[in-house]
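Heads up: the structure comes next, in structure tokens.
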Protein chains: 2
Amino acid sequence: MDVTGHTRRPASIRDVASAAGVSYQTVSRVINDHPSVRPATRERVLAAIETLGFRRNATALALASGRSRGVTVLTANTTHYGYAAILQGIEEAARAASYAVGIRVLESDDAPAVAAEVRRAADAGGGLVVIAYDPAGVRALAAVPAGLPVVGVVETPASPPKGDRPWVWTDDRAAAYEATRHLLALGHRTVHYITIPSSTRRTAARTEGWRQALTEAGAAVPRPLQGSWGPAGGYSAGLKLARDPSVTAVLCGNDDLALGVLRALHETGRRVPDDVSVAGFDDAPHAAYLTPSLTTVRLDFTGLGRAAFALLHGVLEKSDRIAPHPVSVPELVVRESSAAPPADR
Amino acid sequence: MDVTGHTRRPASIRDVASAAGVSYQTVSRVINDHPSVRPATRERVLAAIETLGFRRNATALALASGRSRGVTVLTANTTHYGYAAILQGIEEAARAASYAVGIRVLESDDAPAVAAEVRRAADAGGGLVVIAYDPAGVRALAAVPAGLPVVGVVETPASPPKGDRPWVWTDDRAAAYEATRHLLALGHRTVHYITIPSSTRRTAARTEGWRQALTEAGAAVPRPLQGSWGPAGGYSAGLKLARDPSVTAVLCGNDDLALGVLRALHETGRRVPDDVSVAGFDDAPHAAYLTPSLTTVRLDFTGLGRAAFALLHGVLEKSDRIAPHPVSVPELVVRESSAAPPADR
DNA sequence: CTGAAAGCGCTTACAG
DNA sequence: CTGAAAGCGCTTACAG
């Protein structure tokens, strides 16, 4: 110790051992809650740990034991609402389980670049959670080498995942189905759809749900418009739709797209919901405060993140029964932006 | 190798050494770009690395060398725009420097809980970036033990930081001053202010800038209203202000607060900007797409995150000259939500 | 230019 | 119940 009270080098189990008058193996037993330690010995060790301010070196633990109590999240984005909320859920659950969480952004969706990022993520040790909502993420999930513990956060898959590589998802099909049904029930002849950027699969679950609702109602199925993740994409898609006077209802892949659509409709003089109804996905924090407030489908991304970590935790700890982590069902939230079409008024 | 082509245990430097017919120290020299290795030897080692798919074990590297090429970000939040953008900037810069980034959320601002989180963050090894925009963050920054490399992302400080514990910040005072001046120049008699949650200092820089602009103009200085980080706080503060017919200009601590204020004014029948002007801070992605589009002050949080990492990198690598990382100056962006007050029309 | 030794701070068998 | 040994995969001096 120097005069400031800080040890130059943190105390190791050997320091604790000599302070407590035991061998360092005994210290190891105490900090690992090994049963076969005499209570008196344990007390002495605990006291030495306290006075020396000992903290077990996580790096040495990882090297010696071969496990690292860490998750790395691989994602193409950290700021869009869905991604950010998933990350929040993962961090929450990881912290509760005393896991460290790392984050690595996939800047490119170029296959070799993605593969390199996956390798670097694996270098951290521990498990992986890959957010596979976009081409980069989908590629990353596919590029994870066998034997590496990984959970994918995916769009609703066409077929269930393999047992050792679990996935989590929200019920995208049901979400889109509900939202479309809501708009049709208001009297709209059809519902136009602006998508978030698609991952690899042409028949995304949301598109399916939307199409199914239209088909069941005998409504025409317009061609979906490709949007982006942010308001700008909704704005430009909205300008296109605004030129078509037959458009009376627009479903948007997320609330930020919807925000852009609202703006585009405003600028082109189409009133919402009087002339056009708009609905989104997510129920992001701002959805309720827009004017008009936004009809949307609430998706529990934070819960999804928690579930992803719980699954990963299960495979890492090889617990027999992985606790089923239900992700809440998408819930339609009707607000001001949806109403009957002009013809019905 | 088994039939699937995956080694059970990853190749170590000893495996590479025996494959290349050299000692493992030589392998260590090659992977560390040590100059004194004969080119022919280097080639053989490189070839063995390639064929065995060797990757240096980061954990062992950290344990043996005592440095870990990692940053842990300590923050009370990961989803609000400013926090998320800072995190994005840190990750970007860290990835470019081949650093791993960890994230740990401060759920409580209770002093012992914060101290515990700081200790756990330190356990990861490497450096720390603490986002000190709120009580939890401010406490965390103060609780970082001496000797641990740390950079604080802070509100504009009253006095400059110590040399070995650098801070970064945006010019909050100038930002608030500019926004307030803009509103006064439009003819408003005064500007009401809704704050984001204050950290410890009563006289936050933004409040100072706002007050200074008012005082210089000889305007009355109303009592600031306490908001939150999200739209809900802006909404309730906005309802209060809407009851006062003398309120014609409102400055909001961030764009999400402004969104809530817009909603409150709409619900109470006060038109923006005809009756009341509203301005925010941040220029978040949605600000330009709101109706009315939002006058705001653009703050470069991503650049701030990059700068924070650059500073940390400097102290970790003990480079003599820490590259000055300029954070761009706040920039007023005038949009539809601000105009002359009703009296002047 | 290259190799043999010691050690980073732990854990995991193996003794007693 | 407790201790002595070997080892996790590297790096850092120290030899030659």
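Everything quoted here is computed from the prediction, not taken from an experiment. A, B, ... follow the sequence lines: proteins, then strands. Residue 1 opens every chain.
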Whole-Å gap separating C1' (C/dT11) and NE2 (A/His34): 12 Å
Donor-acceptor pair, side chain of B/Asp15 and main chain of B/Ser12, under 3.5 angstrom: yes
N/O (side chain, B/Arg56) to phosphate O (OP1/OP2, D/dT11) under 4.0 Å: yes
Straight-line distance of A/Leu87 CG to A/Ile131 CD1, nearest 0.5 Å: 6.5 Å
Below 4.0 Å: OP1/OP2 of D/dT2 and any side-chain N or O of A/Arg42: no
Identify all pairs in which a protein N or O lies below 3.5 Å from an N or O of nucleotides 6-8 of chain C, and state each distance.
unit_1: C/dC8; atom_1: O2; unit_2: B/Ala64; atom_2: N; d: 3.4

Residue-phosphate contact under 4.0 Å: A/Ser28 side-chain N/O, C/dT11 OP1/OP2: yes
Nucleotide D/dC1, atom P - distance to CD of A/Glu43 in whole Å: 14 Å
Closest nucleotide among C/dC10, D/dC10, D/dT2 to the A/Val37 side chain: D/dT2
Which nucleotides of DNA chain C pair, in dot-bracket form (Watson-Crick or G-U under 3.5 Å, | meaning another strand): |||.||||||||.|||
Nearest to side-chain heavy atoms of A/Thr41, which nucleotide of D/dC1, D/dC10, C/dG3: D/dC1
Verdict with supporting geometry, B/Glu92 and A/Val105, side chain to side chain contact (heavy atoms under 4.5 Å, CB included): CA-CA 8 Å; B/Glu92 232 176 84; A/Val105 170; over 6 Å; no
C/dC1 OP1/OP2 closer than 4.0 Å to side-chain N/O of B/Thr26: no
CG-CG distance between A/Leu128 and A/Leu141, expressed to the nearest 0.5 angstrom: 9.0 Å
Separation of C/dC10 P from A/Arg69 CZ (nearest whole Å): 16 Å
Spatial distance of atom OH (B/Tyr99) from atom CD1 (B/Ile90) [nearest 0.5 Å]: 14.0 Å
Closest to side chain of A/Arg38, choosing from D/dT12, D/dC1, D/dT11: D/dC1
Parallel, tilted or perpendicular: rings of B/Tyr133 and B/Trp229 (30°, 60°): parallel
Sugar-phosphate, base or nothing in reach of B/Ser12, heavy atoms under 4.0 Å: sugar-phosphate
Stepwise side chain to side chain contact (heavy atoms under 4.5 Å, CB included) test for A/Arg44 and A/Val22: CA-CA 9 Å; A/Arg44 259 185 303 147; A/Val22 298; 4.1 Å; yes
Under-4.0 Å side-chain N/O to phosphate OP1/OP2 contact, A/Ser23 with D/dG3: yes
Closest to side chain of B/Arg29, choosing from C/dG3, C/dA13, D/dC1: C/dG3
Sugar-phosphate, base or nothing in reach of A/Ile13, heavy atoms under 4.0 Å: base
Derivation of the side chain to side chain contact (heavy atoms under 4.5 Å, CB included) call for A/Val154 and A/Val168: CA-CA 6 Å; A/Val154 302; A/Val168 294; over 6 Å; no
Spacing between A/Phe54 atom CZ and C/dG9 atom P, to the nearest angstrom: 10 Å
CA sep, side-chain torsions, deciding dist, call: A/Val153, A/Val130, side chain to side chain contact (heavy atoms under 4.5 Å, CB included): CA-CA 6 Å; A/Val153 182; A/Val130 180; over 6 Å; no
Distance-only criterion, 3.5 Å: show the donor-acceptor pairs between side-chain atoms of residues 58-76 of chain A and protein atoms not counting sequence neighbours.
unit_1: A/Ser65; atom_1: OG; unit_2: A/Leu61; atom_2: O; d: 2.7
unit_1: A/Ser65; atom_1: OG; unit_2: A/Arg67; atom_2: N; d: 3.3
unit_1: A/Ser65; atom_1: OG; unit_2: A/Arg67; atom_2: O; d: 3.3
unit_1: A/Ser68; atom_1: OG; unit_2: A/Gly126; atom_2: N; d: 2.9
unit_1: A/Arg69; atom_1: NH2; unit_2: A/Ala97; atom_2: O; d: 2.7
unit_1: A/Thr75; atom_1: OG1; unit_2: A/Asn77; atom_2: N; d: 3.2
unit_1: A/Thr75; atom_1: OG1; unit_2: A/Asn77; atom_2: O; d: 2.8

